[in-house]
There are 2 protein chains.
Amino acid sequence: MIEQLKDIPVFSSLSDNSFHEFSNYMECVQYPKGTTIIHADKVEPYFYVLKSGIARAYSDGENQQITFWFGQKGDVLFSFNSYINNSTGYENIELLENCSLIRIRLTDLFSLYNRHLEIANWGRKIAEQELIATERRLIDRAFKGAAERYQEFITQSPELIKRVALKHIASYLGVTQVTLSRIRASYK
Amino acid sequence: MIEQLKDIPVFSSLSDNSFHEFSNYMECVQYPKGTTIIHADKVEPYFYVLKSGIARAYSDGENQQITFWFGQKGDVLFSFNSYINNSTGYENIELLENCSLIRIRLTDLFSLYNRHLEIANWGRKIAEQELIATERRLIDRAFKGAAERYQEFITQSPELIKRVALKHIASYLGVTQVTLSRIRASYK
DNA sequence: GGTAACATTTTACAAATGTTAAAAAATGAA
DNA sequence: TTCATTTTTTAACATTTGTAAAATGTTACC
């Protein structure tokens with residue numbers, strides 16, 4: 001069961017040895033659609049990898065809720081603030097479908113980081129990949145209009161377009177749902 | 001010379017041993033205002049820490065240039081794409097003042113990551129801190145209007161307001177210079 | 001000081017996006 | 001299916017922000 005997890009791309013850079021050590025702390029879990037597995041007002045104790053299903057991270061504001069991340073099969077999923085600062089934060093993560101996940105306790109993960117060179121570098125690369133993707137989005141918002149961002153989203157995430165409500169995609173793209181509807185109407 | 005660098009916060013988490021090992025590869029350099037030390041179209045070989053002065057990272061578009069990062073004393077400074085993907089990217093970094101920097105070759109840094117557990121975890125934390133700051137900005141853009149972002153910028157980066165041209169701050173905040181002028185005018 | 005180069009503000013107008021409300025369409029449960 | 005709920009679209013209007021160009025302010029250098 002755990003062994004086939006090595007095929008998940010996020011683990012592929014690990015040697016057999018490191019993966020085996022890692023897997024001692026892994027646990028598989030399933031949750032139904034609608035479950036909120038990360039709560040903004042809690043320090044969440046787990047780091048997850050999504051085996052199947054879709055999730056979104058969102059933040060609550062006064063009049064709105066904005067979605068700033070989608071996770072699909074193979075993506076890592078955690079509370080930035082719990083993981084990085086051991087504090088509560090602004091992120092909720094909600095499962096948009098029934099999901100299978102692998103999880104590891106942050107305390108175990110941190111312990112691995114402090115004992116295993118290869119796993120510490122694995123953790124470094126996880127953060128780096130998230131970083132470059134996040135900065136890319138920040139820059140894209142400056143250079144590209146909402147219509148172009150929508151087009152790119154369609155081509156880069158065809159699965160999400162089919163399976164995620166447009167209201168979530170609108171806020172992910174940084175526009176209201178009304179604006180997204182107008183963009184979509186203009187392509188007819 | 002190198003020894004006093006241990007007081008720079010980014011190095012404070014390292015043990016004396018690790019810092020000493022690290023410092024074998026460090027080099028101090030000075031460049032004048034206006035120097036571009038990171039070029040978007042090159043794979044840049046160095047990772048820098050800013051000892052004094054101010055820098056900005058920007059990306060060139062068709063009709064505009066957008067600034068997406070400012071660096072001050074103590075900040076790390078590198079080409080995300082060179083560092084993370086060993087590729088050219090979209091970032092230029094320009095020194096806005098005469099600057100003193102410490103630099104280390106990426107090849108040496110990567111070698112340290114692969115030999116030193118503590119330094120690998122140092123690198124992990126560097127990426128994590130950049131990540132949480134970048135995501136914070138992405139979310140702030142959704143929740144806060146341009147005027148509020150400007151107010152926060154003033155309180156959080158009072159040094160930058162004094163020393164950086166408003167046209168750069170405008171694009172950092174995600175508005176045109178005209179809009180920033182209007183925001184500023186509204187506080188008189 | 002005078003001048004050139006550059007930065008900032010202001011103005012007038014245009015375009016994009018937001019807001020609100022309602023209608024239409026899709027979804028899901030009984 | 002039918003009904004209730006939710007999602008998506010559409011419409012009218014308000015607001016924000018952008019664009020272009022001119023006016024003003026600032027800086028650095030001869």
Side-chain angles (χ1 to χ4, degrees), chain A residues 32-36 53-54 56 58 61-68 70 94-98 137-154 160-188, chain B residues 32-36 54 56 58 60-68 70 94-98 137-154 160-188:
Chain A
K33 171 178 175 172
T35 308
T36 299
I54 288 184
R56 73 175 180 114
Y58 67 94
E62 286 175 28
N63 327 310
Q64 49 176 346
Q65 192 180 71
I66 75 118
T67 296
F68 56 87
F70 291 113
E94 175 193 8
L95 305 182
L96 298 176
E97 302 179 346
N98 297 333
R137 283 184 59 205
L138 193 64
I139 293 175
D140 275 359
R141 288 231 182 147
F143 282 123
K144 296 171 183 163
E148 194 177 351
R149 294 203 300 278
Y150 173 67
Q151 278 301 322
E152 287 193 358
F153 185 85
I154 288 177
L160 293 180
I161 279 287
K162 290 181 225 156
R163 292 153 72 183
V164 176
L166 287 171
K167 63 178 178 179
H168 295 144
I169 292 171
S171 84
Y172 178 85
L173 294 173
V175 293
T176 60
Q177 192 175 1
V178 176
T179 298
L180 180 57
S181 256
R182 286 195 273 239
I183 290 167
R184 286 161 57 81
S186 76
Y187 288 115
K188 282 174 191 164
Chain B
K33 171 178 175 172
T35 308
T36 299
I54 288 184
R56 74 175 179 113
Y58 67 93
D60 281 311
E62 287 176 24
N63 327 309
Q64 50 175 346
Q65 193 181 68
I66 75 118
T67 297
F68 55 87
F70 291 113
E94 175 193 9
L95 305 183
L96 299 176
E97 303 179 346
N98 298 333
R137 283 185 59 206
L138 193 64
I139 293 175
D140 275 358
R141 288 230 181 148
F143 282 122
K144 296 171 183 165
E148 193 177 352
R149 295 204 299 278
Y150 172 67
Q151 278 301 324
E152 287 193 356
F153 185 84
I154 289 177
L160 293 179
I161 279 286
K162 290 182 225 156
R163 291 153 73 183
V164 175
L166 286 172
K167 64 177 178 180
H168 295 145
I169 292 171
S171 84
Y172 178 85
L173 294 174
V175 294
T176 60
Q177 192 174 2
V178 175
T179 297
L180 180 56
S181 257
R182 286 194 274 239
I183 290 167
R184 287 160 56 81
S186 75
Y187 288 113
K188 282 175 189 162

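The sequence lines fix the lettering, A, B, ..., with proteins before strands; numbering per chain opens at 1.
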Exercise. Think A:Arg137 forms a cation-pi with A:Phe68, using NZ or CZ under 6.0 Å from the six-ring centre and within 45 degrees of its axis?
Worked result: no
Nucleotide [N], atom [atom2] - distance to [atom1] of [X] in whole Å:
| X | N | atom1 | atom2 | result |
| --- | --- | --- | --- | --- |
| B:Ile161 | C:dT8 | CD1 | P | 11 Å |
| B:Glu97 | D:dT27 | CD | P | 14 Å |
| B:Leu180 | C:dT8 | CG | C1' | 10 Å |
| B:Gln64 | D:dT19 | CD | P | 7 Å |
| B:Arg149 | D:dT16 | CZ | P | 14 Å |
| B:Leu96 | C:dC6 | CG | P | 16 Å |
| A:Leu173 | C:dT17 | CG | P | 12 Å |
| B:Ile169 | C:dA7 | CD1 | C1' | 12 Å |

Exercise. With no hydrogens and no angle check, is any side-chain donor or acceptor of A:Thr67 less than 3.5 Å from a backbone partner on A:Ser171?
Worked result: no
Out of [options], which nucleotide sits closest to the side chain of [X]?
| X | options | result |
| --- | --- | --- |
| B:Leu166 | C:dT10, C:dT17, C:dT8 | C:dT8 |
| B:Gln177 | C:dA7, D:dT10, D:dT19 | C:dA7 |
| A:Val178 | D:dA11, C:dG18, C:dA7 | D:dA11 |

Is [X] close enough to [N] that one of its side-chain N or O atoms is under 4.0 Å from OP1 or OP2 there?
| X | N | answer |
| --- | --- | --- |
| A:Arg184 | D:dT9 | yes |
| B:Thr176 | D:dT17 | no |
| A:Ser181 | D:dT9 | yes |

Problem set entry | Least distance between heavy atoms, B:Tyr150 atom then B:Arg184 atom | OH-NH1, 2.9 Å
Problem set entry | Whichever of B:Arg182 and B:Lys167 has its nearest DNA chain C nucleotide further upstream toward 5' | B:Lys167
Seminar exercise, completed: Rounding to 0.5 Å, atoms CD1 (B:Ile154) and CD1 (B:Ile161) come to a distance of 5.0 Å
Problem set entry | Close side-chain approach of A:Phe143 to A:Glu148, heavy-atom, < 4.5 Å | no
